[in-house]
J.: 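One structure coming up, written as structure tokens, with questions to follow.
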Amino acid sequence: MAADLVFYFFSVIVVGAALGVIVSRNQVHSVLFLILAFFNTAGLFVLLQAEFLAALLVIVYMGAVAVLFLFVVMMLDVDFEELRRGAMQHLPMGIAVGAVLLVEFIFILNGVHVDGPAQAAGVPVTNTMAIGQLMYTRFLFPFEIASLILLVALIGAVVLTLRKRKGVKRQDISSQIARTREEAVKLVQVASGEGAKP
Amino acid sequence: MPVQMPDINLVTMLPEILIAILGLVVLLKSAWGDENRGGKLVLMAIAGVAAAAAITLGSGNGSSFGGFFINDPFARAMKLLMFLATALVLFMSMAFMKRNKYDGGEYQVLTLMALLGGMIMASAGDFIVLYLGLELMSLSIYVLAAWNRDDVRSNEAGLKYFVLGSMASGFLLYGITLIYGTTGTTVFTGVATALGHGHVTSATVLGVVLVLAGLSFKVAAAPFHMWAPDVYEGAPTSVTAFMAVLPKVAAFAAIFRVLLIAFPSLHSHWNPLLQLVALFSLAVGAIAAIAQTNIKRMLAYSSIGHVGFILLGLTAHSGLGYQSVVAYLAIYIFTNVGAFAVILLLNREGVGDEVADYKGLAHKRPMVAFLMALFMFSMAGIPPLAGFMGKLYVFMAAIQSGMMALAIAGVLFSAIGAFYYLRIVKVMYFDQPAEGAFAMPLDLPARAILAVTGVIMLFWGLFPGSLLAWSAASIKVFL
């Protein structure tokens, strides 16, 4: 009973915060709502006794990803008012499709009893240990593919943003060190009354 | 808890390992290579792909990682198609790189990683592996689509593909969670066993529908096709050619595996859906293409129509149907690569992608125009070209399975679609060329690709026996 109450408490906040992400006028508020949603999802994970996933969500998503989002949103100069105006045209259609989908999903999923996977027999382990044991054994292959996906994301980010602009003065340390006295210094005999000529 | 390692047979996944290592080597070579390394890296990548193809052909059946990875004749056939597509498109993109003065290796690396993702999808025996393969492939292609950073349309293409692709991934994942929740496993064979015991709930069916929707997005089947025309138009032509072939083969391989290995018992649920999607795709492909003036947009709609034909073969749900799908995919790859090679050849120096830019091509470049006409006739399905054989077998399969109405609709839409293919032929042959048009040089890669694809169009059209035997052998695992 108490667990039910806690579940609904977290769920309501998650749904509310998710709505806040979409509808808030200020995009910084959107990101803050997103963080709120993440935090309460972490609460739901704790409720499922998945404390490792909850900690991951807080550390990785709230600590790193959302803060990164915040930086990006603050640094990007995007006119969100204009975007919003364009979006308003599609709003009725979007709401209609969304409502139909929602009703369908509720209709279909209502009363469905989800068995869930059977509990593994044997010595009980903490779920951090269980994840560790599975990730590098049974799920080694997906783990490796995920690493390649991250590599592609890395390459993609560099490819799409790295620009070698011309005319930018860069410090080239090796050429600085390689300079000799002969090529760097020129001795000029300056005649009196005329000044140094270039 | 004792730690149990799954059975790891690295030998069965040698082609994947080779492509992954090749990608990393190309990446390192591009960082520390000499001048003019772009072309060399392309050749290196093609050589690696050819080696992977040779290994794939020589490898036997097997599975690895406890059924997560499956190597069977179907996976090998699909991978072979992907190798061909990737090698041809890489070869083709040399011209694109030269024109853009691009001399790096990231383009090739991303192409190889997309290929790797597609290969993993074709060999997936588990929903998690399938999803990760899909993401690996898609993420690489999103970046490739936005390759021309200074071009607004290319940026738009990349962003649009990325946002809509993420949404499709969301659908796919939601479907997978529902299936996992109701069956307790993500392994295809395990799901089939669980469903075989009559344990089917409405939530499972919803999961199947969502998975199908996610995969339909990747093949650009109507009504999940909205992104295709804009993305095809905006992306650089060599990338468009790539995304017109590789993701289609990979996603169709995945659809095969999911529907026929994981959900064979739900056939009565997914088949009507598939038929509906096929009908929509045929209609959109035939009718919406007529109004297009941009040839890349037109080919985008044309590919939606082709997806409709392929789905038609799939819904026939018979050996002949599956065989026709594999054969159609093979033909589709060569036709599309050929057509895009012509577009890439022509869209340099001011001459754009408009259909009007093809005016009088036959007067200046009779051979190129002839080949383009060949590709267009093949897409329209006119004998004696390969495209006709593909369509013929799809219709035969549909009629054999008693889907008369759909087969008739297919023939009708095929006839409507012929109009816009023939319009290009008309523009090339009967309009007068503009002054100074088509002065471009015909470089070696373009010649080679046009020759290969053109010959194959004719060969498979006249002697389809080898193709049919090959495709029949590849789908035996599903019968």
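Letters A, B, ... mirror the listed sequences (proteins, then strands); counts begin at 1.
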J.: Measuring heavy-atom distances to chain A, does B/L136 have an atom under 4.5 Å in its side chain, in its backbone, in both, or in neither?
T.: both

J.: Which bit of B/L210 comes within less than 4.5 Å of chain A, counting heavy atoms only: side chain, backbone, both or neither?
T.: side chain

J.: Against chain A, label B/V109 side chain, backbone, both or neither, depending on which of its atoms sit under 4.5 Å from a heavy atom there.
T.: side chain

J.: Where does B/D150 contact chain A at under 4.5 Å (heavy atoms): side chain, backbone, both or neither?
T.: side chain

J.: Tell me, side chain or backbone of B/L27 under 4.5 Å from chain A's heavy atoms, or both, or neither?
T.: side chain

J.: With a cut-off of 3.5 Å and sequence neighbours excluded, list every side-chain donor-acceptor pair involving residues 138-153 of chain A.
T.:
residue	atom	partner	partner atom	Å
A/S147	OG	A/E144	O	2.5

J.: Between B/I128 and chain A, with a heavy-atom cut-off of 4.5 Å, which part of the residue counts as in contact: side chain, backbone, both or neither?
T.: side chain

J.: Between B/A20, B/G23, B/P6, B/A146, who has the most heavy-atom pairs with chain A when the cutoff is under 4.5 Å?
T.: B/P6

J.: Using a cut-off of 6.0 Å, state whether more than 12 heavy atoms not belonging to A/F38 lie near its atom CZ.
T.: yes

J.: How about CZ on A/F10, more than 12 heavy atoms from neighbouring residues, nucleotides or ligands closer than 6.0 Å, or not?
T.: yes

J.: Between A/I155 and chain B, with a heavy-atom cut-off of 4.5 Å, which part of the residue counts as in contact: side chain, backbone, both or neither?
T.: side chain

J.: Got a sec: does the CD of A/E51 have more than 12 other heavy atoms crowding it under 6.0 Å?
T.: yes

J.: Step through the shown structure and confirm whether more than 12 heavy atoms of other residues, nucleotides or ligands are within 6.0 Å of CZ on A/F105.
T.: yes

J.: Let me know if B/L132 has heavy atoms under 4.5 Å from chain A in its side chain, its backbone, both or neither.
T.: both

J.: Using heavy-atom distances under 4.5 Å, tell me whether B/M137 contacts chain A through its side chain, its backbone, both, or neither.
T.: neither

J.: Which bit of A/F107 comes within less than 4.5 Å of chain B, counting heavy atoms only: side chain, backbone, both or neither?
T.: neither

